[in-house]
Every structure is written in structure tokens, then in C-alpha cells.
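Below is one structure, written out as C-alpha cells; the observations come after it.
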Amino acid sequence: MQWEVVIGMETHVQLSTQSKIFSGAPTAFGADPNTQACPVDLALPGVLPVMNRGAVERAIQFGLAVGANIAPLSVFARKNYFYPDLPKGYQISQYEKPVVEGGKLTFLFEKNGKPELHSVALTRAHLEEDAGKSLHENFQDLTGIDLNRAGTPLLEIVTEPDMRSAAEAVAYARALHALVVWLGICDGNMQEGSFRCDANVSVRPVGQKELGTRCEIKNLNSFRFLEDAINHEVRRQIELIEDGGAVVQATRLYDPDKKETREMRTKEDAHDYRYFPDPDLPPLVITAEMIEREKAKMSELPDAMRTRFVRDYGLSEYDASVLTQSKDMAAYFEALVAQTGKDQAKQSANWLMGDVSSMLNREAVEIKAAPVSAAQLAVLLKRIADNTISNKIAKDVFAMMWENKSDDVNSADAIIEAKGLKQISDTGELEKIIDEVLAANQKSVEEFRSGKEKAFNALVGQAMKATKGKGNPAQVNELLRKKLS
Ligand code: ADP
Ligand code: MG
């Protein structure tokens, strides 16, 4: 039997407001337990929630960014359940009328071996408060409750069950993460719980229309865990069904150490939560003016920037997507091309995605903190363009620039000068070297003359080596051909 995997994602994005969604208590991470929970968060008798405008503004910005409908009127509802970290006995969320409806997220995803633009449809995004946290490690045989997180503003973003593999779900999650960070509505810190994914997973025989029974894997806070957890869950479900069993709808937790999911609770249905509109909060009304105000605050979106990069700089869709994954990378690219000119745009993109990115990865630094500025890199690329150095030597110069951490805009020139790396373009000098190489490599010369084109490349290699890599490659090629013919 061939199986098809079906995945829908629910992502909790912590909104970057300074205070909580319904109280004035701070949201800063890492404070001592229970020092950032005010009477509203503690649900003391008589307290009332007050909507945080900043959270609404961020939800509007998200809706605009994914082309969704922003509800002119949405409603807060109480989701009732008991848990020690939820002192009210209910979570304030949105149920029937969420603030954001529909929309889609577009990102680069590899299909049939090559990366293509791909969209995942969003169902909705709603505002809600986070719960507190149980601390099992701090006390022996006891569990502590930290209510600092209680009331932290969340935007829960829900997709249609449209994804068909763990890889696709991860690509979606990465793109969503990049977008909310780009918008500045979330700090994106996954270790601190600012971006958590729940993956709903089911399988069905290929060709079957109706969806299989799903399990929901909760609270995946790394892309790695997300991928592993889904792959594991898919295998578990297929094995279960093939052994004659059936999947039971349940909420499961992923254990990254054991690399397995285990059942947390069999899934409750919506009616178990006894949702009803929260009488303490009036409906959330969003006017056209509020939407216009948020639109005006927003800078260019990644989608628009990608399209512009393709149009204005002649980049491929792929290059443009990679460069617009973060605002800082895009800004670096534009600063670079502003100096090198548009005819070096493709080369600039290659350098950013190649040497610069691998350095950033190796040293785990952000592009903002790169020791080689866009202006410095521009000088280096100009030296390739005007034949002062070859592309190969430029890579070495770049590595030295990175090491030196100099502020000098002309650091590339300084290194080329100091290390004597200037390309040899003097015909006389090159000819002398080539004569020596031909004399020393008679075998290759004969092979070439008997029709072996490969021998020519070997001779070019020898000649470049004799110039210590400094020979102008085009000239070396030309002179060699002339001498051999
Ligand atoms: P709940 O709110 O109970 O978690 P929803 O119906 O709102 O359930 O769906 C939550 C998520 O699960 C959505 O992303 C949806 O696309 C996804 N989903 C629903 N049914 C399936 C299924 N059979 N297989 C995989 N994902 C599913
Ligand atoms: Mg759910």
C-alpha cells in the first residue's frame, strides 16, 4: 500500500509587546519565577482584562503580510480547562470569530529536484494568552508553578491540512519564522519559546479523498525536532495501520532524546472546552483607518522585495528568495550593488550566498555583525572586474579581510598591495613563464597536439601554478593557445 502524508500546522508566535495581552505586567524573558505576574495574570477576584493595542496592531500587520482578511469585528472566547498553570480555569482565546482569516504563505520549496515558489493556505490567525509554566526540575518530589508567562500575547497561526511531507512542513515553518521576524512582530527566539509549532499528522492510502485520523504533536521548538517528530509519527501511524490497528486521535509529545512521540492525552473535542464569548471583553473592532495606519508603518515585504530583485537586478527567483530571507541580508545586498553597479548584481549575489554565507555559518555570526562591510566587499569585487585579481585570489583576499577586521574601506587594496597579489597581465612576463611550462611538460604538449583537449587544461593548470595563481586566466588561456597552434 502506498501512503500519503497529510500535515496541518498550528504555530504559536509570541508577539513582541513589552506588556502582556490583557495586563500591564512585563513580558521580558528570564525573570525570577512569579516576579512578572500581576493580579490580572493571577486571576485574583474582581480583576478585569484590558486589551493591549500593540498586540492587535501586530496581528493586523501579519494579516496584511499574508494577504488575509482582517475581521472588522472579532470576538474573544473563554476556552475552559483545568490545569495548575492556568489559575483562571480558562484561557482567553478567539474561537468562532478570529481576527485574521485566510491568506497564504509563499516560500521556496524543492519539488522534483529544483526549488520552486510554493504556497500554503492559511485558515486563520487568532489572538490569545499564554498559560504559565510548571517547573518540575527545581524541587524534589514537588512541582512549582511560574506564572510569568501567563498572559503573554500569542498569535496562533493555523494552516489548512495542505502539506504532504515533513520537509514541506519545515520549509513552511522556516518561512513563517522569517516573516514574523522580518515584520518585527516576534523576536523569533525559539529556545525561549517565542515560536512553537504543533504538527497535526495523518496518513491515508494514495488516492483516498477523505482525511485519515490525525494526531497532534505539541510544542516543537526547533526545526530539527519538527522534522524528526513528523517523520517518526508518520512511520508509527503506517506501522499501526498495516498491523491491523487504527490511529486514535490524540495529543502527543515528542521526546528528542528517545526520538519517539508518546501520548499525552486522547484528543478532546471543541465542545469539551465549553467555548463561550468572554463577557469581560467587548468585541474587537478594527476599522479601515487602523488597517491603513499599520500598512503605512510596514516596510517593504519579502514577497515584494523578491519580485523587485528579479526585475531590477536580473536575479533568478531562487537567488532573490535566498537574499530576501532576512531584512539584514537584503539590506547588505542592496548596499553592495549600490557600489558595484547592477552589472555586478549576479556576482554580488553569488558572493553573498557563497563565501560570505559560509563564513557567517562557520563563525555563527549575523550578517549585521560581519567584519567585512558591504562597502569593503564592493572594493574587492571591483578589483575582480578591473582584472587586478582573479576570482580565485579574491577568495583568499576576502578570507584575510574577514580575519583582519579592519575598518579601512579599501582593505582589499591594502591586502592586494601588501601581499603582492596583483594579477600578472604583462604579456612579456606571462610568455616567459608559459615557454618554461611548455618546455617542462612536453608530454602534455604532444597529447594536446594529438587531439586531447584535456591536456590543454592540464597546461593551463601548470601555467597558473607557475604564476602562483596570479596570472590573468583569460590571458594565460589565450597565450597558450597561440603558442600551441
Ligand atoms: P483543533 O483546533 O482541534 O486542533 P482544527 O480542526 O482547528 O483542530 O485543526 C487544527 C489543525 O489540524 C489545522 O492545521 C488543520 O489543517 C489540521 N488538520 C485537521 N485535520 C487533519 C487531518 N486529518 N490530518 C492532518 N491535519 C489535519
Ligand atoms: Mg490544535
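Atoms within each ligand, like the ligands themselves, are counted from 1 in listed order.
Close approach of ligand 1 to Pro161 (heavy-atom distance below 4.0 Å) involves ligand atoms 16 (O), 26 (N), 27 (C). Close contacts of ligand 1 with Glu160, meaning ligand atoms under 4.0 Å from a residue heavy atom, involve 16 (O). Of all atoms in ligand 1, listed by their number and element, those nearer than 4.0 Å to a heavy atom of Met9 are 14 (O). Which parts of ligand 1 touch Val158 is read off a 4.0 Å heavy-atom cut-off, strictly below it: atoms 13 (C), 14 (O). Taking every non-hydrogen atom of Gly212 and a distance limit under 4.0 Å, the qualifying atoms of ligand 1 come out as 23 (N).
Cation-pi geometry between Arg78 and Phe276 is not met at under 6.0 angstrom from the ring centre and within 45 degrees of the axis.
Ion pairing between a basic and an acidic side chain is recognised when a charged N comes within 4.0 Å of a carboxylate O; Arg308 and Glu334 show such pairing. Salt bridge status for Arg204 with Glu210: absent, with no side-chain N to carboxylate O gap under 4.0 Å. Lys20 and Asp130 are not joined by a salt bridge, as no carboxylate oxygen comes within less than 4.0 angstrom of a charged side-chain nitrogen. Between Glu216 and Lys218 there is a salt bridge, with a side-chain nitrogen of the basic residue lying less than 4.0 Å from a carboxylate oxygen of the acidic one.
In the candidate list Val6, Thr159, Val203, Asn200, Thr159 is nearest to atom 15 (C) of ligand 1, counting heavy atoms. Of the options Gln249, Arg214, Met163, the smallest heavy-atom separation from atom 5 (P) of ligand 1 is shown by Arg214.
Classification of the His232-Tyr254 ring pair by plane angle, with boundaries at 30° and 60°, yields tilted.
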